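Nothing here was measured: the structure is a model prediction, and the numbers come from that model.
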Amino acid sequence: MGKIIITASGKGGTGKTTTTANLGAALALRGHLTAVVDMDMGLRNLDIVLGLESDIVYDISDVIDGGCSLDDAVIKDRKFENLYFIPAPQTRGISFLSDEAVKNVWEQIRARFEYCIVDVPAGIEGGFLYAAPAADAALIVTMPELTALRDADRTVSVLEDMGVTDIKVIINRIRPDMIERGIMINVDECVDRLQVPVAGLIPDDEELAISALKGEIAVTNTYSRAGTAFKNIAARIDGEEVPVMDFDEKKGFLRRLFQRRRQ
(Lines give C-alpha, C1' and ligand atoms only; values in the text may rest on other atoms or scores of the structure.)
Protein backbone atom coordinates (compact mmCIF):
# COMPACT_ATOMS: atom_id res chain seq x y z
CA MET A 1 0.00 0.00 0.00
CA GLY A 2 1.27 3.44 -0.90
CA LYS A 3 1.90 6.43 1.32
CA ILE A 4 -0.25 9.58 1.13
CA ILE A 5 1.51 12.82 2.06
CA ILE A 6 -0.24 16.18 2.06
CA THR A 7 1.59 19.45 1.49
CA ALA A 8 -0.20 22.13 3.49
CA SER A 9 0.27 25.72 4.55
CA GLY A 10 -1.54 28.15 6.77
CA LYS A 11 -1.50 30.89 4.14
CA GLY A 12 -1.10 31.24 0.42
CA GLY A 13 2.11 32.17 -1.33
CA THR A 14 4.49 29.93 0.59
CA GLY A 15 5.42 27.79 -2.44
CA LYS A 16 3.30 24.78 -1.52
CA THR A 17 2.27 23.90 -5.08
CA THR A 18 5.82 24.21 -6.39
CA THR A 19 6.94 22.00 -3.51
CA THR A 20 4.32 19.37 -4.41
CA ALA A 21 5.44 19.26 -8.05
CA ASN A 22 9.12 19.05 -7.23
CA LEU A 23 8.75 16.38 -4.55
CA GLY A 24 6.56 14.30 -6.82
CA ALA A 25 9.08 14.61 -9.66
CA ALA A 26 12.00 13.83 -7.35
CA LEU A 27 10.33 10.68 -6.01
CA ALA A 28 9.50 9.61 -9.57
CA LEU A 29 13.14 10.11 -10.56
CA ARG A 30 14.07 7.79 -7.70
CA GLY A 31 12.06 5.07 -9.44
CA HIS A 32 8.86 5.26 -7.38
CA LEU A 33 5.42 5.16 -8.97
CA THR A 34 4.21 8.56 -7.80
CA ALA A 35 0.98 10.53 -8.07
CA VAL A 36 0.57 14.24 -7.41
CA VAL A 37 -3.01 15.21 -6.64
CA ASP A 38 -4.51 18.70 -6.69
CA MET A 39 -7.20 19.12 -4.03
CA ASP A 40 -7.50 22.90 -4.34
CA MET A 41 -11.08 22.78 -5.64
CA GLY A 42 -11.88 25.70 -7.92
CA LEU A 43 -8.40 27.25 -7.64
CA ARG A 44 -6.16 24.61 -9.18
CA ASN A 45 -2.63 25.55 -10.24
CA LEU A 46 -0.67 22.30 -10.05
CA ASP A 47 -1.57 21.52 -13.66
CA ILE A 48 0.13 24.74 -14.77
CA VAL A 49 3.29 24.04 -12.77
CA LEU A 50 3.47 20.57 -14.34
CA GLY A 51 2.64 21.87 -17.82
CA LEU A 52 -0.35 19.53 -18.12
CA GLU A 53 -3.26 22.00 -18.22
CA SER A 54 -4.14 21.09 -21.83
CA ASP A 55 -4.28 17.36 -21.00
CA ILE A 56 -7.15 17.53 -18.52
CA VAL A 57 -10.39 15.80 -19.48
CA TYR A 58 -11.62 14.50 -16.11
CA ASP A 59 -10.71 15.53 -12.57
CA ILE A 60 -10.85 14.02 -9.11
CA SER A 61 -14.41 15.24 -8.56
CA ASP A 62 -15.51 13.10 -11.52
CA VAL A 63 -13.89 10.08 -9.89
CA ILE A 64 -15.49 10.81 -6.51
CA ASP A 65 -19.02 11.15 -7.88
CA GLY A 66 -18.67 8.14 -10.20
CA GLY A 67 -18.56 10.07 -13.47
CA CYS A 68 -15.37 8.30 -14.50
CA SER A 69 -12.84 5.78 -13.24
CA LEU A 70 -9.54 6.68 -11.59
CA ASP A 71 -7.76 5.52 -14.75
CA ASP A 72 -9.79 8.01 -16.79
CA ALA A 73 -8.73 10.94 -14.61
CA VAL A 74 -5.06 10.05 -14.12
CA ILE A 75 -2.72 11.94 -16.47
CA LYS A 76 0.70 10.52 -17.32
CA ASP A 77 3.41 13.17 -17.05
CA ARG A 78 5.29 13.63 -20.32
CA LYS A 79 8.68 14.38 -18.74
CA PHE A 80 8.92 11.91 -15.85
CA GLU A 81 8.49 8.20 -16.44
CA ASN A 82 6.95 7.35 -13.06
CA LEU A 83 4.95 10.52 -12.41
CA TYR A 84 1.16 10.83 -12.71
CA PHE A 85 -1.21 13.73 -12.06
CA ILE A 86 -4.82 13.90 -10.87
CA PRO A 87 -6.31 17.40 -11.27
CA ALA A 88 -8.84 19.27 -9.17
CA PRO A 89 -11.99 20.74 -10.74
CA GLN A 90 -11.50 24.27 -11.95
CA THR A 91 -14.98 25.61 -11.22
CA ARG A 92 -16.83 23.03 -9.17
CA GLY A 93 -17.19 23.47 -5.41
CA ILE A 94 -16.89 20.81 -2.72
CA SER A 95 -20.44 20.68 -1.35
CA PHE A 96 -21.18 17.63 -3.52
CA LEU A 97 -18.47 15.46 -1.98
CA SER A 98 -19.46 12.37 -0.03
CA ASP A 99 -17.06 11.43 2.77
CA GLU A 100 -17.40 7.74 1.95
CA ALA A 101 -16.82 8.31 -1.77
CA VAL A 102 -13.75 10.43 -1.04
CA LYS A 103 -12.37 7.72 1.26
CA ASN A 104 -12.85 5.15 -1.47
CA VAL A 105 -10.85 7.22 -3.96
CA TRP A 106 -7.95 7.61 -1.51
CA GLU A 107 -7.96 3.83 -1.04
CA GLN A 108 -7.77 3.36 -4.81
CA ILE A 109 -4.87 5.80 -5.06
CA ARG A 110 -3.04 4.19 -2.16
CA ALA A 111 -3.40 0.76 -3.79
CA ARG A 112 -2.01 1.96 -7.13
CA PHE A 113 0.87 4.29 -6.24
CA GLU A 114 3.90 4.02 -3.96
CA TYR A 115 3.72 7.72 -3.08
CA CYS A 116 0.91 10.22 -3.43
CA ILE A 117 1.71 13.89 -2.78
CA VAL A 118 -1.46 15.93 -2.31
CA ASP A 119 -1.51 19.69 -2.80
CA VAL A 120 -4.21 20.87 -0.40
CA PRO A 121 -5.49 24.46 -0.36
CA ALA A 122 -4.00 27.01 1.99
CA GLY A 123 -5.81 27.20 5.29
CA ILE A 124 -7.85 24.51 7.02
CA GLU A 125 -11.05 24.30 4.99
CA GLY A 126 -12.30 22.79 1.74
CA GLY A 127 -10.05 20.25 0.09
CA PHE A 128 -7.81 20.23 3.16
CA LEU A 129 -10.58 18.61 5.21
CA TYR A 130 -11.13 15.91 2.58
CA ALA A 131 -7.43 15.03 2.18
CA ALA A 132 -6.04 15.33 5.72
CA PRO A 133 -7.98 12.37 7.22
CA ALA A 134 -6.38 10.07 4.61
CA ALA A 135 -2.85 11.37 5.15
CA ASP A 136 -0.06 9.18 6.47
CA ALA A 137 2.10 12.27 6.82
CA ALA A 138 1.95 16.04 6.38
CA LEU A 139 4.53 18.54 5.19
CA ILE A 140 3.86 22.11 6.31
CA VAL A 141 5.37 24.58 3.84
CA THR A 142 6.10 27.94 5.42
CA MET A 143 8.47 30.89 5.19
CA PRO A 144 10.64 32.74 7.74
CA GLU A 145 8.08 35.46 8.39
CA LEU A 146 5.72 36.00 11.30
CA THR A 147 2.35 35.67 9.54
CA ALA A 148 3.36 32.49 7.68
CA LEU A 149 4.70 30.91 10.87
CA ARG A 150 1.60 31.82 12.88
CA ASP A 151 -0.70 30.28 10.25
CA ALA A 152 1.57 27.23 9.94
CA ASP A 153 1.41 26.70 13.70
CA ARG A 154 -2.39 26.75 13.52
CA THR A 155 -2.31 24.18 10.72
CA VAL A 156 -0.06 21.91 12.79
CA SER A 157 -2.54 22.07 15.68
CA VAL A 158 -5.48 21.20 13.43
CA LEU A 159 -3.63 18.23 11.92
CA GLU A 160 -2.69 16.96 15.37
CA ASP A 161 -6.34 17.21 16.45
CA MET A 162 -7.28 15.18 13.35
CA GLY A 163 -4.89 12.42 14.38
CA VAL A 164 -2.05 13.07 11.93
CA THR A 165 1.10 12.28 13.90
CA ASP A 166 3.83 12.44 11.24
CA ILE A 167 4.10 16.20 10.68
CA LYS A 168 7.23 17.95 9.44
CA VAL A 169 8.00 21.46 8.29
CA ILE A 170 9.64 22.72 5.11
CA ILE A 171 10.96 26.24 5.50
CA ASN A 172 10.98 27.87 2.07
CA ARG A 173 12.62 30.94 0.50
CA ILE A 174 15.42 31.26 3.03
CA ARG A 175 17.84 34.16 2.60
CA PRO A 176 20.88 33.71 4.89
CA ASP A 177 22.07 37.25 4.15
CA MET A 178 18.74 38.68 5.33
CA ILE A 179 18.80 36.49 8.44
CA GLU A 180 22.26 37.76 9.32
CA ARG A 181 21.08 41.36 8.91
CA GLY A 182 18.05 40.72 11.15
CA ILE A 183 15.55 41.32 8.34
CA MET A 184 14.33 37.72 8.16
CA ILE A 185 13.44 35.50 11.11
CA ASN A 186 16.23 33.13 12.11
CA VAL A 187 15.60 29.52 11.05
CA ASP A 188 16.22 28.30 14.59
CA GLU A 189 13.43 30.57 15.83
CA CYS A 190 11.11 29.30 13.08
CA VAL A 191 11.60 25.72 14.25
CA ASP A 192 11.16 26.70 17.90
CA ARG A 193 7.83 28.34 17.09
CA LEU A 194 6.42 25.30 15.28
CA GLN A 195 7.87 22.53 17.46
CA VAL A 196 7.82 19.92 14.68
CA PRO A 197 10.77 18.20 12.96
CA VAL A 198 12.38 19.75 9.90
CA ALA A 199 11.89 17.93 6.59
CA GLY A 200 14.06 20.38 4.72
CA LEU A 201 15.20 23.95 4.13
CA ILE A 202 14.75 25.58 0.72
CA PRO A 203 16.87 28.56 -0.33
CA ASP A 204 15.42 31.54 -2.14
CA ASP A 205 16.68 30.66 -5.61
CA GLU A 206 16.25 32.54 -8.87
CA GLU A 207 16.87 29.31 -10.79
CA LEU A 208 13.50 28.14 -9.49
CA ALA A 209 11.83 31.01 -11.36
CA ILE A 210 13.98 30.38 -14.43
CA SER A 211 12.92 26.74 -14.48
CA ALA A 212 9.26 27.76 -14.20
CA LEU A 213 9.56 30.18 -17.11
CA LYS A 214 11.02 27.37 -19.21
CA GLY A 215 8.19 25.06 -18.23
CA GLU A 216 10.58 22.85 -16.27
CA ILE A 217 10.65 21.40 -12.76
CA ALA A 218 13.57 22.64 -10.64
CA VAL A 219 14.77 19.15 -9.66
CA THR A 220 15.97 18.72 -13.26
CA ASN A 221 17.95 21.99 -13.16
CA THR A 222 21.51 21.18 -12.07
CA TYR A 223 22.11 24.84 -11.25
CA SER A 224 19.11 25.15 -8.91
CA ARG A 225 19.96 25.02 -5.21
CA ALA A 226 16.23 24.79 -4.50
CA GLY A 227 16.01 21.82 -6.85
CA THR A 228 18.81 20.10 -4.96
CA ALA A 229 17.05 20.82 -1.66
CA PHE A 230 13.81 19.28 -2.99
CA LYS A 231 15.71 16.17 -4.09
CA ASN A 232 17.22 15.92 -0.61
CA ILE A 233 13.75 16.09 0.97
CA ALA A 234 12.53 13.35 -1.38
CA ALA A 235 15.49 11.22 -0.30
CA ARG A 236 14.56 11.74 3.37
CA ILE A 237 10.94 10.80 2.60
CA ASP A 238 12.40 7.66 1.03
CA GLY A 239 14.21 6.84 4.27
CA GLU A 240 17.72 8.10 3.53
CA GLU A 241 19.84 10.08 5.98
CA VAL A 242 20.70 13.15 3.94
CA PRO A 243 22.36 16.21 5.51
CA VAL A 244 21.03 19.64 4.72
CA MET A 245 23.00 21.62 2.16
CA ASP A 246 25.22 24.49 3.27
CA PHE A 247 23.56 27.72 2.21
CA ASP A 248 26.39 29.73 3.75
CA GLU A 249 29.74 28.18 2.83
CA LYS A 250 31.58 30.40 5.29
CA LYS A 251 29.52 29.54 8.34
CA GLY A 252 27.46 26.49 7.43
CA PHE A 253 24.99 27.44 10.17
CA LEU A 254 21.99 25.80 8.51
CA ARG A 255 23.77 22.44 8.39
CA ARG A 256 24.54 22.68 12.11
CA LEU A 257 20.94 23.69 12.83
CA PHE A 258 19.48 20.77 10.90
CA GLN A 259 21.83 18.25 12.52
CA ARG A 260 21.01 19.63 15.96
CA ARG A 261 17.27 19.35 15.31
CA ARG A 262 17.58 15.70 14.22
CA GLN A 263 19.30 14.66 17.48
Side-chain angles (χ1 to χ4, degrees), residues 2-28 33-65 67-80 82-97 101-110 112-141 155 170 172 212 215 217-219 230 234:
K3 186 173 185 178
I4 295 176
I5 303 170
I6 63 170
T7 53
S9 65
K11 68 187 292 292
T14 63
K16 173 178 53 59
T17 299
T18 299
T19 297
T20 301
N22 276 276
L23 291 183
L27 287 166
L33 198 61
T34 304
V36 288
V37 179
D38 196 339
M39 282 297 288
D40 199 347
M41 307 291 187
L43 294 171
R44 70 185 187 204
N45 284 308
L46 188 54
D47 57 319
I48 295 175
V49 176
L50 293 170
L52 297 173
E53 62 269 30
S54 62
D55 293 1
I56 297 174
V57 177
Y58 299 104
D59 56 58
I60 195 167
S61 71
D62 296 312
V63 184
I64 293 170
D65 67 13
C68 72
S69 69
L70 180 63
D71 286 341
D72 291 332
V74 169
I75 298 170
K76 172 72 172 66
D77 190 271
R78 294 189 292 268
K79 301 173 184 176
F80 299 93
N82 297 303
L83 185 63
Y84 294 80
F85 169 56
I86 305 173
Q90 187 167 19
T91 58
R92 198 172 184 181
I94 63 167
S95 59
F96 69 95
L97 296 181
V102 171
K103 180 180 178 182
N104 178 263
V105 171
W106 291 128
E107 289 174 351
Q108 291 182 56
I109 291 172
R110 194 191 300 278
R112 176 167 174 177
F113 296 97
E114 294 176 75
Y115 286 105
C116 174
I117 313 297
V118 186
D119 185 23
V120 301
I124 52 176
E125 299 178 352
F128 173 92
L129 296 175
Y130 287 100
D136 299 294
L139 297 171
I140 309 299
V141 184
T155 305
I170 295 174
N172 195 18
I217 301 295
V219 293
F230 285 127

Problem - Stepwise side chain to side chain contact (heavy atoms under 4.5 Å, CB included) check, Y115 with I5 - result: CA-CA 8 Å; Y115 286 105; I5 303 170; 4.3 Å; yes

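With I86 as the partner, the side-chain contact (heavy atoms from CB on, under 4.5 Å) test is satisfied by one option alone out of V36, I109, D38: I109.
Using a 4.0 Å cut-off between charged side-chain N and carboxylate O, D40 and K16 make no salt bridge. Between D119 and R44, none of the side-chain N atoms (NZ, or NE/NH1/NH2) sits under 4.0 Å from a carboxylate O, so this pair counts as no salt bridge.
Side chain of R110 to backbone of A134: a donor-acceptor contact under 3.5 angstrom is found. Not one N or O on the side chain of E114 forms a donor-acceptor pair closer than 3.5 Å with the backbone of G2.
Taking CE from M39 and CZ from F128, the interatomic distance works out to 11.5 Å, rounded to the nearest 0.5 Å. Considering OG1 of T18 and CG of N172, their distance stands at 8.0 Å, rounded to 0.5 Å. Once rounded to the nearest 0.5 Å, the distance linking CD1 of I6 with CG of D136 reads 10.5 Å. In this structure, the separation between OG1 on T19 and CG on L139 is 8.5 Å, given to the nearest 0.5 Å. Here the straight-line distance linking atom CG of D59 with atom CD1 of I75 works out to 9.5 Å at 0.5 Å rounding. Atom OG of S61 is separated from atom CE of M41 by 6.5 Å, given to the nearest 0.5 angstrom.
V118 is listed as a side-chain neighbour of I4, based on a closest heavy-atom distance under 4.5 Å. A heavy-atom distance below 4.5 Å is not found between the side chains of F85 and V74. Within the 4.5 Å cutoff, no side-chain heavy atoms of I56 are placed close to those of Q90. Considering only heavy atoms from C-beta on, V141 comes within 4.5 Å of T14 through its side chain. Looking at heavy atoms from C-beta onward, I117 lies out of side-chain contact with V37 at the 4.5 angstrom threshold. At a threshold of 4.5 Å between non-hydrogen side-chain atoms, the residues I217 and F80 count as touching. Annotation: side chain of I60 is in contact with side chain of P89 (closest heavy-atom distance under 4.5 Å).
Judged by the 6.0 Å distance and 45° axis criteria, K76 is positioned over the aromatic ring of Y84.
Side-chain contact annotation: S69 with D71, donor-acceptor N/O pair under 3.5 Å absent. A side-chain donor from one of T20 and T7 sits under 3.5 Å from a side-chain acceptor of the other.
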